[in-house]
Each structure stands twice: as C-alpha cells, then as structure tokens.
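Let me begin by presenting the structure, written as structure tokens, before commenting on it.
Note that the coordinates shown come from a computational prediction; the quantities given were computed from them, not determined experimentally. Values below: every heavy atom of this structure, side chains too, minus hydrogens, waters and symmetry copies.
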Amino acid sequence: METLTLRPGEAQAGRRIDAWLAEAVETLTRSAAARLLEEGLVTSGGRPLTKSYRLTGGETVALVLPEAEPVDLIPQDIPLDIVYEDSDVIVVNKPKGLVVHPAPGHPDGTLVNALLFHCGSSLSGVGGALRPGIVHRIDRDTSGLIIAAKNDLAHQGLAAQLQDHTLARTYQCIVIGNLRQDSGTVNAPIGRHPTDRKRMAVVSGGRTAVTHWQVLDRFAGYTHLRCRLETGRTHQIRVHMAHTGHPILGDTVYGAKRAVPGLQGQCLHAVGLRFLHPRTGEPVNLSCGLPREFQEQLKKLSARC
C-alpha cells in the first residue's frame with residue numbers, strides 16, 4: 001500500500017473530508033473516497049476520520065491507497081500518437097471519439113486498452129482497476145494531450161502537481177459570439193446539474209473551478225480562445241464558456257443542439273501540457289498542433305470575414 005500525505009489550506013476549513021478528497025485527488029471519486037474513509041484508510045494524527053468529518057484547514061491528512069486490484073481489461077492494438085514517453089510517464093495526443101477509460105457503454109476500445117497494449121504491465125495502479133495510469137481525463141469528443149503514469153511514484157507526484165497547479169493544461173477552442181475583453185477569468189463553482197444528472201453546471205456549493213482565457217482571434221459571431229485550467233473539473237471549459245453566454249462551437253450538450261457540419265463534437269483541443277518530471281524534477285513542456293477539423297473551422301470562419 002502507498003500513503004499520500006495531503007494538507008488542506010485554511011480556505012478548506014469546514015468542508016466535508018469526502019468531498020475535499022475527491023477534489024484534491026483528481027482520480028478519486030467522492031464515492032471512492034467515502035469507501036476509503038469507511039475502511040479507516042484516511043487518518044489525521046493517527047486517528048481514522050469519518051466521511052462526515054469537517055476539515056479544520058490546518059491538519060495533515062494521510063490517505064492510504066490500497067494495492068491495485070487485478071486489471072481485467074484486454075490490451076488492444078489501437079494506434080497512439082505518442083508525444084512524449086520515458087520509463088515513468090507517457091503523453092498521448094488523444095483523438096476525438098476515443099474514450100479515456102472503460103465505462104458503461106464503452107467496455108473496451110478505450111485509451112486504457114491502448115495503453116495496456118503499448119505499455120504492458122507498466123502502468124500505475126493508483127487509478128484503480130479500470131483507470132490504470134490515468135492521472136487526468138479528457139472528454140470523449142475533446143482531443144489533445146493527456147498524461148498517464150507508468151508507476152505509482154510517478155502517479156502520486158503528478159497527482160500532487162494537479163493539486164498545487166504545477167501541472168498546467170492549456171486548451172484552444174472556438175466559442176460562439178464575441179467576447180468584449182481580450183482576456184479574463186471565470187471563477188465559478190461546478191457541480192452536477194440540479195435536474196439533469198448527466199450534465200454539469202455552475203451551482204452554489206459546487207467544487208471550486210477556475211478557467212483563464214485569452215482571445216487569439218475574432219471572427220463574425222465567433223471567437224478563437226486559448227484557455228488555461230487552474231482546476232480540472234468535469235467538462236470545466238465547456239461549462240464555464242456556456243456560463244459566460246459563449247458556448248463552444250459544436251457542443252450539443254452545453255450549447256446549440258444541432259451538430260456543426262464537418263465537426264465531431266465540440267471544437268476544443270488540449271494543445272499544451274507543462275509539468276515537473278516526477279522523478280527528476282526537471283520541467284517538461286509539451287505541445288501539439290490543432291487537429292484538421294479544428295483548422296478547417298478556422299479557415300471557414302476566416303473566409304467569412
């Protein structure tokens with residue numbers, strides 16, 4: 001078993017431990033955190049904490065991660081666009097349509113199946129039986145850079161960087177409408193939609209979510225943006241842009257219900273990834289180009305001007 005040491009800041013005082021753990025450790029869901037608490041695997045000062053425990057904001061929390069369950073997944077020879085790889089981490093440029101990990105309706109044909117074929121047994125078990133090596137997620141119809149860990153040491157180091165924002169993720173997107181300013185920040189909490197549990201929304205009492213955006217180009221009725229995530233909530237950029245009144249082009253969940261011809265899903269691509277190597281501490285800066293359909297949309301919009 002591995003132990004992860006976490007230190008909530010004063011701003012977290014009063015929050016339930018299960019909710020905070022799900023936020024602090026991106027690969028840990030609230031239900032999974034509750035199970036670990038019930039099993040006595042979350043302690044402070046040697047004392048097991050209950051899932052209803054409220055943080056004081058000054059304690060040290062020790063989270064014991066159980067040994068990984070046997071992964072009953074089939075390695076599949078799915079082509080991978082590998083941007084970076086060494087003995088600790090692998091970074092892939094994920095195409096649209098590829099699901100990251102098995103889930104109801106997607107038992108195989110996922111990025112995890114592809115990684116198991118490519119990496120063999122050398123993937124971190126911290127993500128659990130269905131998410132070996134997965135440090136963070138990208139939506140099925142969002143493309144771009146995603147990092148996976150090949151061992152538990154790397155996984156824990158990268159997870160800590162997600163928490164303190166050392167691991168930085170940059171996206172580009174096209175949104176509907178014209179933003180007045182050239183840059184800005186959306187700081188609005190995100191949680192489950194109150195009536196549609198399959199969607200996320202900006203809600204009171206949701207998890208802290210911060211997105212920084214900058215205008216790259218303007219078109220008639222559309223804007224090309226660069227977005228930097230400070231936090232990593234489910235559908236964060238999509239929800240935040242829709243919240244500002246400028247949903248992402250092609251997003252049929254948070255924007256217009258009709259699909260855009262020539263575009264699969266939302267026009268959102270993870271172009272940049274920056275982190276400190278979990279073993280050497282050296283900075284790693286990676287980037288990838290825009291997919292063809294994103295470039296085609298930019299050409300169409302530019303031609304209208």
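Among residues at least two apart or in separate chains, there is no ring-ring contact (aromatic ring centres under 6.0 Å, His included) pair with a member in residues 28-48. Residues in residues 169-215 take part in no ring-ring contact (aromatic ring centres under 6.0 Å, His included) pair, two or more places apart or across chains. The ring-ring contact (aromatic ring centres under 6.0 Å, His included) contacts involving residues 252-271 comprise His235-Tyr254, where partners must be two or more places apart or lie in separate chains. Screening residues 181-196 for salt bridge (Lys or Arg N to Asp or Glu O under 4.0 Å) gives Asp182-Arg218 as the qualifying pairs, with residues at least two apart or on separate chains. The stretch residues 244-256 participates, sequence neighbours left out, in these salt bridge (Lys or Arg N to Asp or Glu O under 4.0 Å) pairs: Arg238-Asp251. Residue pairs meeting the salt bridge (Lys or Arg N to Asp or Glu O under 4.0 Å) criterion with at least one member in residues 35-52, sequence neighbours excluded: Glu38-Lys51. Listed by first then second residue, pairs satisfying salt bridge (Lys or Arg N to Asp or Glu O under 4.0 Å) with a partner in residues 7-22 read Arg15-Glu23, Arg16-Asp18, Asp18-Arg30, not counting sequence neighbours.
Note that the CD atom of Gln156 and the OG1 atom of Thr3 stand 8.5 Å from one another [nearest 0.5 Å]. To the nearest 0.5 Å, atom OH of residue Tyr222 and atom OG of residue Ser302 are 14.0 Å apart. For the atom pair CG (Leu268) and CD1 (Ile237), the distance works out to 5.0 Å, reported to the nearest 0.5 Å. Atom CG of Leu21 is separated from atom OH of Tyr53 by 11.0 Å, given to the nearest 0.5 angstrom.
Of all heavy-atom pairs between Leu73 and Pro132, the closest is CD1-CD, 4.4 Å. Annotation for Leu286 and Leu145: closest pair O-CD1, 3.8 Å, computed over non-hydrogen atoms. Asp217 and Thr223 get closest at one heavy-atom pair: O-CG2, 3.5 Å. Contact record, Pro95 with Ser143: C-CB, 4.2 Å, taken as the closest heavy-atom pair.
Of the N and O atoms on the side chains of Ser124 and Asn151, not one donor lies less than 3.5 Å from an acceptor on the other residue. In this structure, a donor-acceptor pair under 3.5 Å is present between the side chains of Asp164 and Thr166. When only modelled atom types and interatomic distance are considered, His101 and Thr110 share no side-chain donor-acceptor pair under 3.5 Å. With hydrogens and angles left out, the side-chain atoms of His277 and Asp86 include a donor and acceptor closer than 3.5 Å. Using modelled atom types, one finds no donor on one side chain facing an acceptor on the other under 3.5 Å when comparing Gln172 with Arg226.
Every residue two or more places apart in sequence or in another chain that forms a salt bridge (charged side-chain N to carboxylate O under 4.0 Å, His left out) with Glu85 is listed here: Lys150. Lys299 is linked by a salt bridge (charged side-chain N to carboxylate O under 4.0 Å, His left out) to Glu296, counting only residues two or more places apart in sequence or in another chain. By the side-chain contact (heavy atoms from CB on, under 4.5 Å) test, Asp81 pairs with Asn93, sequence neighbours left out. Considering only residues two or more places apart in sequence or on other chains, Asp88 meets the salt bridge (charged side-chain N to carboxylate O under 4.0 Å, His left out) condition with Arg279.
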inquiry  = Evaluate Phe294 against His224 for ring pair (Phe, Tyr, Trp, His ring centres under 6.0 Å), listing each step before the verdict.
reply    = CA-CA 10 Å; Phe294 196 127; His224 182 195; 5.7 Å; yes
ask   = Passes side-chain hydrogen bond (donor to acceptor under 3.5 Å, both in side chains), Glu230 versus Thr211? Steps please.
value = CA-CA 6 Å; Glu230 186 171 314; Thr211 304; over 6 Å; no
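Hydrophobic cluster membership of Phe117, counting Ile, Leu, Val, Met, Phe, Trp and Tyr whose side-chain heavy atoms lie under 4.5 Å apart directly or via other members: none, as it forms a cluster of its own.
At distances below 3.5 Å, at least one donor-acceptor pair connects side-chain atoms of Asn113 with backbone N or O atoms of Ile74.
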